[in-house]
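Here is how names work: the chains are called A, B, and so on, in the same order as the sequence lines, proteins then strands, and each is numbered from 1. Note that these values count all heavy atoms, side chains included, but never hydrogens, waters or copies made by symmetry.
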Number of protein chains: 2
Amino acid sequence: MKSITSPSPVIGIKDVARAAGVAPATVSRALGKGPISDALREQVMEAVRATGYRPNLAARRLRSQESGTIGLMVADIANPFFTGVARAVEHAAFEAGLRVILCDSDRDPAREASYLQLMQAERVTGLIMAPTRATAQRLAGMALDVPTVLIDRAGPPGLFDSVLLDNAEAASSLVDHLVANGHTRITGLFGETSDTGRARAEGYAAAMARHGLSPDARFIPAATPPEQVALAALRDGPPGALLAANSLQLLGALRATREAGLRVPGDLALCGFDNEPWTELVEPGLTVIEQPLEEIGRGAMRLLFDRLRDPEAPVRKVMLSGRRVVRGSTAAR
Amino acid sequence: MKSITSPSPVIGIKDVARAAGVAPATVSRALGKGPISDALREQVMEAVRATGYRPNLAARRLRSQESGTIGLMVADIANPFFTGVARAVEHAAFEAGLRVILCDSDRDPAREASYLQLMQAERVTGLIMAPTRATAQRLAGMALDVPTVLIDRAGPPGLFDSVLLDNAEAASSLVDHLVANGHTRITGLFGETSDTGRARAEGYAAAMARHGLSPDARFIPAATPPEQVALAALRDGPPGALLAANSLQLLGALRATREAGLRVPGDLALCGFDNEPWTELVEPGLTVIEQPLEEIGRGAMRLLFDRLRDPEAPVRKVMLSGRRVVRGSTAAR
DNA sequence: GCGACGAGTGAAAACGTTTCCACTCATCCT
DNA sequence: AGGATGAGTGGAAACGTTTTCACTCGTCGC
């Protein structure tokens with residue numbers, strides 16, 4: 001009860017100008033980068049402090065035609081992969097003096113489309129997005145007039161800058177590791193609806209072929225629990241090793257092994273993607289590919305800035321290598 | 001190479017008006033809620049479709065004086081607690097047709113202050129934030145003129161709407177559970193810098209007193225790894241049980257038990273907060289308090305809307321109960 | 001049948017900035 | 001010494017909407 005409903009005297013640049021005894025234009029220049037004498041600048045700053053002035057960003061954006069905002073659209077903010085990337089993007093944006101609008105598409109193409117409209121209306125400076133497979137394909141014909149960087153998936157070839165894990169290489173590397181440890185019957189578990197899953201499946205298949213082994217790739221349909229598919233694979237005569245294409249699937253696979261009463265790595269070797277804290281803490285620790293989340297986020301921002309600087313530069317696709325973290329779940333038999 | 005650098009003919013409401021053969025005001029009304037005949041509305045909509053018009057939100061906001069945006073400030077977006085809440089907030093906002101600006105304060109009061117300035121400049125409709133302890137205290141004197149809801153911490157009493165877990169009750173409940181399972185020597189691990197940690201410590205102390213047991217609360221300083229404090233506690237003559245105040249500390253505690261060569265629950269019972277997927281998968285599963293993340297996020301939005309509807313309504317503090325999930329780590333001895 | 005009324009529409013003002021333009025001086029060059 | 005130069009400043013236009021205001025009708029009540 002210190003102050004009843006303040007009269008909320010929203011103060012604008014004119015009020016500051018009056019307080020400082022200068023023209024509004026001068027205040028604007030003092031706050032921005034226009035030419036101004038040091039004396040006046042200080043005078044204005046003092047007035048700003050005295051009045052408690054806060055610039056109206058909407059007005060600023062309207063006039064200057066720059067939003068100073070970037071859109072970040074992810075498929076699921078609760079997924080640690082996206083969280084890590086989001087964190088990096090947010091930090092990079094803060095350092096560059098940009099705002100971030102968070103869009104969680106929830107893997108729903110309708111939401112995705114809706115958010116894309118919003119980003120256009122918002123006149124965002126740039127957009128960083130992880131499109132679903134459906135949207136990624138439609139992206140080519142969408143005439144997005146916003147500088148866009150794709151993460152996690154590359155989208156239509158040659159149209160968008162992108163930064164992503166070298167999924168094929170990473171999957172291959174896991175297969176190589178399993179083979180080196182004496183495994184030959186290796187089943188792969190991949191998301192049917194994601195490009196990332198496809199890429200990892202290809203890497204898996206290529207590596208299997210290279211080793212002269214016959215692949216057994218299982219694809220998990222959209223709304224199916226990974227655990228179910230994993231369990232089915234284990235019951236089809238258990239393979240020697242299981243490779244899961246992301247952390248959710250790895251988690252499902254682990255549950256399945258327990259349900260099936262199999263011992264890791266004795267009965268079954270297990271490995272997958274995403275080095276989440278728990279993968280180290282389960283018994284045995286799980287061998288995984290760690291994705292450089294920070295680098296992906298920062299890299300996306302860097303690509304975006306470069307694109308803004310030179311809209312005509314050739315499209316770049318940055319592939320980062322994952323780090324293979326070997327733990328007990330793939331110990332040699 | 002379908003279209004070389006389009007001339008980027010940014011089309012405005014006037015262009016649509018011309019295309020539809022009406023006045024700009026009419027277009028605005030067709031898009032908004034102004035009175036307009038069905039015939040003209042359809043005519044305008046057709047023109048909008050034909051021209052591919054996207055409203056300029058900056059202009060709209062400037063004129064209408066509503067940002068349609070809410071700010072969400074969290075201490076660390078990589079923390080699953082905040083991620084879960086953020087997800088709920090984002091979804092609620094989407095349904096209400098609002099944008100979300102994501103601010104990750106990184107537990108840095110300076111960043112927090114900077115972001116608060118930004119929110120004011122942005123003229124956000126409302127703000128949902130999890131302040132650090134430092135900022136929470138300063139909040140009283142800050143003259144935030146934005147409707148604000150606090151989450152995770154309550155802040156200065158009676159000033160802000162808030163929604164949070166009933167931390168004391170939850171901690172008590174864990175103690176009760178441990179006692180019921182025959183434990184008497186129970187050590188608590190709490191974050192020194194967080195209000196949440198304090199509240200949980202109080203609940204712990206109260207419950208211990210109620211059972212006539214002597215408490216042993218350890219506080220983890222700001223930059224110290226929880227594992228280190230946990231290890232120290234274990235070496236001071238191992239207690240019968242360890243209670244950790246959040247998931248990071250629980251993780252540290254688990255690592256410490258392994259390093260100390262203690263078996264759970266044989267040598268030491270273990271429990272804590274946050275029902276993350278991995279707490280079920282480690283051997284044995286960990287007993288935890290599950291926080292209703294979705295409810296916290298949705299609840300914060302609801303409080304915010306209510307506050308916007310009636311700025312004079314009394315301040316509300318919503319306390320939600322956690323759900324105790326009992327697993328093997330606290331099995332009776 | 002006539003005045004009041006209300007719904008629907010267009011013209012123009014307004015929102016709070018930045019930026020263009022014109023202007024004033026002090027300074028520099030020859 | 002005199003004109004050109006350029007930095008610093010103020011006035012006013014401009015950004016793209018929404019909203020106010022005035023106006024035109026068709027309709028209703030009497």
Test side chain to side chain contact (heavy atoms under 4.5 Å, CB included) applied to A:Ile128 and A:Leu304, step by step: CA-CA 8 Å; A:Ile128 295 180; A:Leu304 189 54; 4.1 Å; yes

Student check: side-chain heavy atoms of B:Val163 and B:Arg316 closer than 4.5 Å: no

Counterpart residues, ring pair (Phe, Tyr, Trp, His ring centres under 6.0 Å), relative to B:Tyr115 (two or more places apart): A:Phe94

Any B:Arg60 side-chain nitrogen or oxygen under 4.0 Å from OP1 or OP2 of D:dT18: yes

side-chain N/O B:Gln65 vs C:dG16 OP1/OP2, d < 4.0 Å: yes

Between atom [atom1] in [X] and atom [atom2] in [N], what is the gap in whole Å?
X       : N      : atom1 : atom2 : answer
B:Arg61 : C:dT17 : CZ    : C1'   : 15 Å
B:Arg54 : D:dT17 : CZ    : P     : 12 Å
B:Leu57 : D:dG16 : CG    : P     : 13 Å

Residues touching DNA chain D, which here means a heavy atom under 4.0 Å, drawn from residues 12-49 of chain A: A:Val22, A:Ala23, A:Ala25, A:Thr26, A:Arg29, A:Pro35, A:Ile36, A:Ser37, A:Leu40

N-O pairing of B:Glu122 and A:Arg99 below 4.0 Å: yes

Lys/Arg-Asp/Glu bridge criterion (N-O < 4.0 Å) met for A:Glu46, A:Arg49: yes

Protein N or O to nucleotides 4-6 of chain C N or O, pairs below 3.5 Å:
none

Polar pair under 3.5 Å, donor/acceptor by atom type, side chain A:Arg63, base C:dT18: yes

Sole residue of B:Arg307, B:Arg302, B:Lys317 in side chain to side chain donor-acceptor pair (under 3.5 Å) with B:Asp161: B:Arg307

Check against side chain to side chain donor-acceptor pair (under 3.5 Å), A:Glu112 and A:Thr132: CA-CA 8 Å; A:Glu112 242 173 344; A:Thr132 62; 2.8 Å; yes

Steps toward salt bridge (charged side-chain N to carboxylate O under 4.0 Å, His left out) verdict (B:Arg87, A:Asp76): CA-CA 8 Å; B:Arg87 195 181 135 91; A:Asp76 174 10; 3.1 Å; yes

